[in-house]
Each structure stands twice: as structure tokens, then as C-alpha cells.
S.K.: 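For reference, the structure I am asking about is given below.
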Amino acid sequence: MRITRIAAAAAAVTLALGLAACGKEGTPAPSADGGTSGAPTSDACTSSGTTFTPASGVAIAGSPTFDKIKAAGKVVIGVKFDQPNLGYKDAAGKRCGFDIEIAQLIASKLGIDPAKIEYKEIASANRETAIKGGEVDYYVGTYSITEKRKADVSFAGPYFVAAQDLLVRKDDTSITGSDSLQGKTVCSATGSTPIQRVRDQKLTDKIVEFKTYSECVSQLLDKKVDAVTTDDAILKGFAAQSPSQLKVVGKPFVDPTTGKAYPEKYGIGLPHDDKALRDFVNAALEAAFSDGTWQKVYDGTLGKSGSAGSPPALEKY
């Protein structure tokens, strides 16, 4: 997934969704209900309530990464901090979201208590470098599996398959999919693949771009744009944060030549040659898919958006 890194979350309890018009940072104006027009009332992290108990007696023969983790007594995980209900850190420093809990799940299967996880915020452009250089043991953060990336790192998963969709106001019934955008103002991150698709397919000529998706969401809440487009996982995160105000349309964009959606398969990024660890993580994901853990994590994070989700098929290699 191509996404510009959102600016660091403000120290105040209000999430940095509240960026004023024209992309300038500012404090959102109070709304009629006593909240704010461009942000939720609190950014406090909440979890799905899933308990991740560290496994005992774990051994992964032939995995130098696991040997490093075991010797250190901790695991270093690359994450994002700015995606609500995915990979997020609130003003109090607590981390939460679907990706964070998937990261904790894997740590527990490796025998590491989630309390001993060291999180590292790695920019999207630096993910391969961080994994190859041993800066992180693995990476969980809307990291799309691609053949190009497989040349540098390996992937377990996918643990989620995203597709391009639309985020709109809860009371808007006029936008039902990409085929209903004519005359509507659509917002996305500057230079992103999703907004280029809108442009290339001539879905609307009213396009607004900002450096961050949070700015687009602020504009949507303030009724200055009609829709925000990017991966549905990210949109679900924002919708879950403001479920009374926002919703995901739930109709993925499709390639006009094939009639199929553009999939973004999120994987867990691992060192390229550590096949033993990749097999272990795939087995851990497979178990979470079948025993209901994945579903509980999803329902308690991205599922708060009102959009259903189910485990994808693993692609072992």
C-alpha cells in the first residue's frame, strides 16, 4: 500500500484528524453536539480484549531471527503509529489496533510476553531496509505483499486482504460505489495510487489531495469533500473511530478490463532467508484463523466500523 506517513499524533487527547482547511494544522471548531467537527472527542486506545498468553518451550530450528529473539528475551517489531484501529499510538503512549494485536499474537506464539515487545515506528519507505538490517525482527503495518518486495524480504500471510473503497458520511446515501462519483468531490493522499485510479478512470473531475488521509477525513466530516478513497482497511479504521458519523461504502473498486478488485494483501514482513520463521508464523496465523482469534481481534478493532471481515487464504511459499 502506498501511503504518505501521517504527522505525529498531538499530545492532546484529540486525534490529529482535526486539520483545518487548505492542509494547515489547527484546532477543530466545536460542533453542535459539543464535540468537534473534524475529530473524535478522544484518541484513547481500546483493544479487542483478546489475551495473548506466551507459549512455552518454543523452538524454531534453523531460524537465526528466533535465536536472536530468544537470546534478547524480547522481540522488536516494526509498526505504524498513525492509523486508527490498525497501527495507532494514543496521547498516553498506548498502542492499539488490528495490526498491533496481530503483532502481539505472533510475539506470544514465539514465547514472548506482549509486555516485552519493543515497537519501532518505521516509515513505509524504510521497511525493507529495517528488516534487512536487523533493526526489527518483523514488521506488521499494512505491508502489501508484492513480487518486488519479495526480492528483499519475505512475507507470512496474508493476514488481511484490502481493496480500494470509499469512506463517506453516515447519512450519505448518494454514493454507493465508484460508479456514483460523478459530480462528487473525492479526497485522497497526494500522489497515491487510489486517487490516480479515480483520475485515470475519469470517475469525477472534482479531486482534492492532501499530504495525509487524516486531513481528508477532517474535510469529509466538515462537509468540504464528499468521499475519501484508499485501502478499505484504513478507511475502516477511521470509520471505527467515528461510527456515528462515517461509514465505508463496502463496494471495492474494480479493474474495468478484468472486472476484479485491486487486492492489497497485507503480510508480516520477515528476513528474506529465514524460511523456518516464515513457516512458523504462517502456522500461527493459520491457527488464529481457525480457532476464532483472528475474528475476535478483527471484530474488536476494524469491525467497529460496522464492516464485516473474515480471514483470507494463506499463500505459503
S.K.: How many angstroms lie between atom NZ of Lys316 and atom NZ of Lys275, to the nearest 0.5 angstrom?
M.R.: 10.0 Å

S.K.: Assess the residue pair Arg199 and Glu209 against the criterion (salt bridge (charged side-chain N to carboxylate O under 4.0 Å, His left out)); give the C-alpha distance rounded to whole Å, side-chain angles, the decisive distance to 0.1 Å, and a yes or no.
M.R.: CA-CA 12 Å; Arg199 190 175 281 114; Glu209 297 179 60; 2.7 Å; yes

S.K.: Going by heavy atoms in the side chains, are Leu285 and Ile268 under 4.5 Å from each other?
M.R.: yes

S.K.: Using only atom types and a distance under 3.5 Å, with no angle test, would you say the side chain of Ser242 pairs donor to acceptor with the backbone of Ala239?
M.R.: no

S.K.: Do Leu246 and Leu221 make a side-chain contact, defined as non-hydrogen atoms from C-beta onward lying under 4.5 Å apart?
M.R.: yes

S.K.: Could you walk me through whether Asp226 and Lys206 satisfy the salt bridge (charged side-chain N to carboxylate O under 4.0 Å, His left out) test, starting with their C-alpha distance in whole Å, then the side-chain angles of each, then the deciding distance to 0.1 Å, before giving a yes or no?
M.R.: CA-CA 10 Å; Asp226 300 305; Lys206 296 182 178 181; over 6 Å; no

S.K.: With sequence neighbours left out, which residue pairs that include part of residues 209-266 fulfil the disulfide (SG to SG under 2.5 Å) condition?
M.R.: Cys187-Cys216

S.K.: Applying ring-ring contact (aromatic ring centres under 6.0 Å, His included), can you list everything that pairs with Tyr138, at least two apart in sequence or on another chain?
M.R.: none

S.K.: Please find the pair of heavy atoms, one from Leu220 and one from Ala227, that lie closest to each other, and give the distance.
M.R.: CD1-N, 3.8 Å

S.K.: Does Asn126 use its side chain to pair, donor to acceptor, with the backbone of Thr129 at less than 3.5 Å?
M.R.: no

S.K.: Locate the shortest heavy-atom distance separating Ala107 from Ile117; write the atom from each residue and the value.
M.R.: CB-CD1, 3.8 Å

S.K.: Can you tell me if Gln104 uses its side chain to pair, donor with acceptor, with the backbone of Asp99 under 3.5 Å?
M.R.: no

S.K.: Between atom OG1 of Thr53 and atom NZ of Lys109, what is the distance when rounded to the nearest 0.5 Å?
M.R.: 9.0 Å

S.K.: May I ask whether Ile122 and Ile131 are part of the same hydrophobic cluster, defined by side-chain heavy atoms of I, L, V, M, F, W, Y residues being less than 4.5 angstrom apart, directly or through others?
M.R.: yes

S.K.: Between Gln219 and Thr185, is the side-chain contact (heavy atoms from CB on, under 4.5 Å) condition met? List the steps.
M.R.: CA-CA 10 Å; Gln219 295 281 301; Thr185 302; over 6 Å; no

S.K.: Can any side-chain N or O of Arg197 pair as donor or acceptor with the backbone N or O of Pro194 at less than 3.5 Å?
M.R.: no

S.K.: Checking Asp231 side chain against Ala233 main chain: does a donor-acceptor pair fall under 3.5 Å?
M.R.: no

S.K.: Identify the heavy atoms of Pro158 and Phe289 that sit nearest to each other, and give their distance.
M.R.: O-CZ, 3.8 Å

S.K.: Got a salt bridge between Asp165 and Lys236, using NZ or NE/NH1/NH2 to carboxylate O under 4.0 Å?
M.R.: no

S.K.: Measuring only between side-chain heavy atoms, which start at C-beta, is Arg95 closer than 4.5 Å to Cys45?
M.R.: no

S.K.: Are the side chain of Gln83 and the backbone N or O of Gly141 linked by a donor-acceptor pair below 3.5 Å?
M.R.: no

S.K.: What I want to check is whether the side chains of Thr212 and Glu215 have a donor and an acceptor closer together than 3.5 Å.
M.R.: yes

S.K.: Walk me through whether Glu264 and Ser144 qualify under side-chain hydrogen bond (donor to acceptor under 3.5 Å, both in side chains).
M.R.: CA-CA 6 Å; Glu264 293 287 352; Ser144 293; 2.6 Å; yes

S.K.: Looking at every non-hydrogen atom in both residues, tell me the closest pair between Lys150 and Ile145 and how far apart they are.
M.R.: CE-CG2, 3.7 Å

S.K.: If you count the non-hydrogen atoms of other residues, nucleotides and ligands that lie under 6.0 Å from NZ in Lys223, is the total more than 12?
M.R.: no

S.K.: Quick one: does any side-chain atom of Asp43 pair with a main-chain N or O of Ala91 as donor and acceptor, under 3.5 Å?
M.R.: yes

S.K.: Mind checking the CG-OH spacing from Asp255 to Tyr262? Nearest 0.5 Å is all I need.
M.R.: 4.0 Å

S.K.: Would you kindly confirm whether Phe52 and Ile69 end up in one hydrophobic cluster when ILVMFWY residues are joined by side chain heavy atoms under 4.5 Å apart?
M.R.: yes

S.K.: For Ala156 and Val281, work out which heavy atoms get closest and say how close.
M.R.: CB-CG1, 3.5 Å

S.K.: If only atom types and distance count, is the side chain of Ser63 paired as donor or acceptor with the main-chain N or O of Phe66 below 3.5 Å?
M.R.: yes

S.K.: According to the interplanar angle, ranging from 0 to 90°, do the rings of Tyr298 and Trp294 count as parallel (below 30°), tilted (30 to 60°) or perpendicular (above 60°)?
M.R.: parallel

S.K.: How long is the span from the CG atom in Leu270 to the OG atom in Ser154, to the nearest 0.5 Å?
M.R.: 4.5 Å

S.K.: Taking the side chain as every heavy atom from C-beta outward, state whether Glu121 and Lys80 have any pair of such atoms under 4.5 Å apart.
M.R.: no

S.K.: For the pair Thr65 and Asp274, evaluate side-chain hydrogen bond (donor to acceptor under 3.5 Å, both in side chains) and give the outcome as yes or no after the intermediate values.
M.R.: CA-CA 7 Å; Thr65 310; Asp274 201 333; 2.6 Å; yes

S.K.: Under 4.5 Å between side-chain heavy atoms, hopping through other hydrophobics if needed: is there a path connecting Val248 to Ile175?
M.R.: no

S.K.: Does any pair with a residue in residues 49-63 pass salt bridge (charged side-chain N to carboxylate O under 4.0 Å, His left out), and if so which ones, sequence neighbours excluded?
M.R.: none

S.K.: Are Val208 and Leu181 linked, directly or through other ILVMFWY residues, by side chains that come within less than 4.5 angstrom of each other?
M.R.: no

S.K.: Output yes when a side-chain donor or acceptor of Ser192 lies under 3.5 Å from a complementary backbone atom of Ser188, and no otherwise.
M.R.: no

S.K.: Under a 4.5 Å cut-off applied to non-hydrogen side-chain atoms, are Gln245 and Lys170 in contact?
M.R.: no

S.K.: Does Phe238 reach the side chain of Val228, with side-chain heavy atoms less than 4.5 Å apart?
M.R.: no

S.K.: Taking Gly97's backbone N and O only, do any of them form a donor-acceptor pair with Thr301's side chain (distance below 3.5 Å, no angle check)?
M.R.: no

S.K.: Enter the distance from Lys94:NZ to Thr46:OG1 here, rounded to the nearest 0.5 Å.
M.R.: 7.5 Å

S.K.: Quick check: do Lys120 and Val76 have side-chain heavy atoms less than 4.5 Å from each other?
M.R.: yes

S.K.: Quick one: do Thr193 and Gln196 satisfy side-chain hydrogen bond (donor to acceptor under 3.5 Å, both in side chains)? Show the steps, please.
M.R.: CA-CA 5 Å; Thr193 299; Gln196 190 58 46; over 6 Å; no

S.K.: Under the criterion ring pair (Phe, Tyr, Trp, His ring centres under 6.0 Å), which of Tyr317, Tyr266, Tyr143 is the partner of Phe155?
M.R.: Tyr143

S.K.: I need the minimum non-hydrogen distance between Lys184 and Ser174, along with the two atoms involved.
M.R.: NZ-OG, 2.9 Å

S.K.: For a side-chain contact (heavy atoms from CB on, under 4.5 Å) check, start with the C-alpha distance between Lys68 and Asp137, then their side-chain angles and the critical distance, and finish with the verdict.
M.R.: CA-CA 9 Å; Lys68 174 186 169 187; Asp137 297 315; 3.3 Å; yes

S.K.: Using a strict cut-off of less than 4.0 Å between a Lys/Arg side-chain nitrogen and an Asp/Glu carboxylate oxygen, indicate whether Asp299 and Lys304 qualify as a salt bridge.
M.R.: no

S.K.: If hydrophobic clusters are built from ILVMFWY residues whose side chains come within less than 4.5 Å, do Val217 and Val168 share one?
M.R.: no

S.K.: Before you tell me yes or no, could you show the steps for Thr50 and Ser48 under side-chain hydrogen bond (donor to acceptor under 3.5 Å, both in side chains), namely the whole-Å CA-CA distance, both residues' side-chain angles and the distance that decides it to 0.1 Å?
M.R.: CA-CA 5 Å; Thr50 306; Ser48 70; 2.7 Å; yes

S.K.: Thr229 versus Leu167: any side-chain heavy-atom pair under 4.5 Å?
M.R.: no

S.K.: Roughly how far, to the nearest 0.5 Å, is the CG atom of Leu235 from the CG atom of Asn85?
M.R.: 12.5 Å

S.K.: Answer yes or no: are there more than 12 heavy-atom neighbours, outside Lys265 itself, under 6.0 Å from its atom NZ?
M.R.: no

